[in-house]
Amino acid sequence: MERLLLRKDFLAAARSPSRAVKACVVQMRVREDQAAARVGFTVTKKLGNAVKRNRIRRRLKEAVRTGLYDEFQPGHDYVIIGRAATDGRCFAALVSDIRSALDTLHTQTRSRAAADITKGQEKP
RNA sequence: UCAGUCGGCUGGAUGGCCGCCUGCGGAUGCGCCAAAAGCCUCCGCGGGAGGAAAGUCCGGGCUCCAUGGAAAUACGGUGCCGGUUAAUGGCCGGCGGGGGCGACCCCAGGGAAAGUGCCACAGAAAAUAAACCGCCCCGGCAUGCCCGGGGUAAGGGUGAAACGGUGCGGUAAAAGCGCACCGCGCUUGUUGGUAACAACAGCGGCACGGCAAACCCCACCGGGAGCAAGAUCGAAUAGGGGUGACAGGGGCGAAAGCCCCAGCCUGUUUCCAGGCCGUCACCCGGGUUGGUCGCGAGAGGUGCUUGGCAACAGGCAUCCCAGAUGAAUGGUCAUCCACGGGGGGCAACCCCUGCAGACAGAACCCGGCUUACAGGCCGACUGACAAU
């Protein structure tokens, strides 16, 4: 798994489907290739001063690293956006929040892909 | 012991598990004809946020750009004196003014007789003075709470501020009108001090209200932009830059050439000087929040010491101490220590509980200033009270 670093990738992810949970917002974009999953983090200035923003980003990073390493699928870009509640949420709840968001996004994408396939079969 | 003034330090601790960035050394692999540089992974040993890292308000280093000469002007800044420093508008020491019983604190602290302007409300009057009430003198007849002329600035009242104060003399009433003391002024002298200035003496009847943080005057200082600076690596076109040749409009002339008209640039203006403006040829070369360098041995830290009241400077010894770039320096759990709440106990203290641990995150680097800050610690001094 790699970090998402370039601005254009963040902009692309922002146009993709997203899922908001209590602790954060998760955006997911399906890429063309099947390379390793990439994860980026966004913490806006609205959430507080630099110390507060650093803590929010570090907790999100740590949640991804320790609890959710296998949940991210290759060929996808993920952007996790911090919210005001990220700092206060206890760590276990933070991890389960992100997991449920990922599950929802993956299921949605799969069903849409299946629909596309069936649609393609109906059409000649 | 209480109240207070000044200065300095600190900015939770320990451990378990799992991680991140980076320096050095080593190993495997990639790379290559070979070696080296470089890169990937792993191992070992080190290092890894602050006193303000913050605001970006001053001053420097560093980098690039600009900089032809002279003068004037504009703009911005600073403003008692001396010292200190790479430098400052910082700091230290002193002077003057103000406040406090005191330790001590505060002051944009040059010029108001160069000029312009302003001074609300109140008040007669807010500055070349003036005269509302009043006081005094003279004259008038209608003898009054009267009218007219003159003297005066003591008293009244207003205000942030009213053209010296107190006393005695003096006078019709008064007045620096005269005198004494105080205050004030002086481009007067002496003494002390590097100086700001102070003390004393002399002179002057007293002239000079405040605001320069309103304009202004005087003295001194000042190129611009910033690490997204700047350098470098990599593809093409357009565009860009340099050099050379030819070349604007009008007049005179056969031509060469000369003169005039211009426009833009070197902050502005003036004078002198210079460059540019289109076409062709040749040469150079690459925009970019892409990579790499810049990038941390420094006006460096610590200790001792010498000089100095001090800021600070010198000497010796010793140490190497963050380097990220969608941005590392952490996450989580436990215990302790503080803190808030509740309960028990005479008390020391004990138990429970709390998303509860101040302000706040390096971004090229230093020196300052300013602002934010839970709690804790230390030193010096002052004033009370008590005791000896």
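Naming convention: chains lettered A, B, ... in sequence-line order (proteins, then strands); numbering from 1 in each chain. Any value given below was found using the heavy atoms of this structure, including those in side chains, with hydrogens, waters and symmetry copies removed.
- Partners of A/Ser100 according to the side chain to side chain contact (heavy atoms under 4.5 Å, CB included) rule, which considers only residues two or more places apart in sequence or in another chain, are A/Val21.
- Nucleotide B/G223 is matched to B/C65 when pairs are restricted to Watson-Crick or G-U wobble geometry with both distances under 3.5 angstrom.
- Residue A/Arg53 is classed as having no contact, given no heavy-atom separation below 4.0 Å to the nucleic acid.
- The salt bridge (Lys or Arg N to Asp or Glu O under 4.0 Å) analysis of residues 84-99 of chain A, with sequence neighbours excluded, yields the pairs A/Arg55-A/Asp87, A/Glu71-A/Arg99, A/Arg89-A/Asp97.
- Evaluation of the side-chain hydrogen bond (donor to acceptor under 3.5 Å, both in side chains) rule for A/Arg57 yields A/Asn54 as partners, not counting sequence neighbours.
- With a glycosidic angle further than 90° from 0, B/C319 counts as anti.
- Of the charged side-chain nitrogens involved, none lies within less than 4.0 Å of a carboxylate oxygen, so that A/Arg59 and A/Glu62 do not count as a salt-bridged pair.
- Not counting sequence neighbours, the partners of A/Thr42 by the side chain to side chain contact (heavy atoms under 4.5 Å, CB included) test are A/Phe10, A/Thr44, A/Val79, A/Ile81.
- In this structure A/Arg83 satisfies the side-chain hydrogen bond (donor to acceptor under 3.5 Å, both in side chains) test with no other residue, sequence neighbours excluded.
- Here the closest non-hydrogen pair linking A/Phe72 and A/Ala37 is CB-CB, 3.9 Å.
- Nucleotide B/U128 forms no Watson-Crick or G-U wobble pair with any nucleotide shown, as no partner meets the under 3.5 Å limit on both distances.
- Separating the C1' atom of B/A213 from that of B/C118 is a span of 14 Å, rounded to the nearest Å.
- Glycosidic conformation, B/A207: syn, with the torsion inside 90° of 0.
- With sequence neighbours excluded, the residues satisfying side-chain hydrogen bond (donor to acceptor under 3.5 Å, both in side chains) with A/Arg29 are A/Asp77.
- For B/G51, the glycosidic angle deviates from 0 by 90° or less, giving a syn base.
- Separating the P atom of B/U166 from that of B/U190 is a span of 38 Å, rounded to the nearest Å.
- Residues forming a side-chain hydrogen bond (donor to acceptor under 3.5 Å, both in side chains) with A/Asp103 (at least two apart in sequence, or on another chain): none.
- Contact annotation: the side chain of A/Met28 approaches that of A/His106 to within less than 4.5 Å [non-hydrogen atoms, C-beta and beyond].
- Applying the 90° criterion around 0 to the glycosidic angle, B/A172 comes out anti.
- Checking B/G263 for Watson-Crick or G-U wobble geometry (two distances, each under 3.5 Å) identifies B/C276 as its partner.
- Taking atom C1' in both B/U266 and B/A273, the straight-line distance is 12 Å, to the nearest Å.
- Side-chain atoms of A/Tyr78 never come within 3.5 Å of backbone atoms of A/Ala13 as a donor-acceptor pair (strictly under, hydrogens ignored).
- Taking every heavy atom of residues 21-28 of chain A and every atom of RNA chain B, no pair lies under 4.0 Å.
- Comparing the same atom, P, in B/G77 and in B/A126 gives a spacing of 37 Å after rounding to whole Å.
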What N/O pairs connect the protein and nucleotides 15-18 of chain B at under 3.5 Å? Give each pair on its own line.
from: B/C18; atom 1: O2'; to: A/Arg65; atom 2: NH1; distance (Å): 2.9
from: B/C18; atom 1: O2'; to: A/Arg65; atom 2: NH2; distance (Å): 3.4
from: B/C18; atom 1: O2; to: A/Arg65; atom 2: NH2; distance (Å): 3.2

Could you go over nucleotides 354-358 of chain B and give all protein N or O partners under 3.5 Å, atom names and distances?
from: B/C355; atom 1: O2; to: A/Gly88; atom 2: O; distance (Å): 2.2

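- In B/G296 the base sits syn relative to the sugar, since the glycosidic angle is no further than 90° from 0.
- Of all the heavy atoms in A/Pro74 and A/His76, the pair that sits closest is O-ND1, 3.0 Å.
- B/G222 and B/C121 have their C1' atoms separated by 47 Å, given to the nearest Å.
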Between protein and nucleic acid, restricted to nucleotides 360-362 of chain B and to nitrogen or oxygen atoms under 3.5 Å apart, what atom pairs and distances do you find?
from: B/G361; atom 1: OP2; to: A/Ala50; atom 2: N; distance (Å): 3.4
from: B/G361; atom 1: N7; to: A/Asn54; atom 2: ND2; distance (Å): 3.0
from: B/G361; atom 1: O6; to: A/Arg58; atom 2: NH1; distance (Å): 3.4

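- Map A/Arg59 and A/Phe41 each onto its nearest nucleotide of RNA chain B; the residue landing nearer the 5' end is A/Phe41.
- Base pairing annotation: B/A113 forms no Watson-Crick or G-U wobble pair, as no partner gives both donor-acceptor distances under 3.5 Å.
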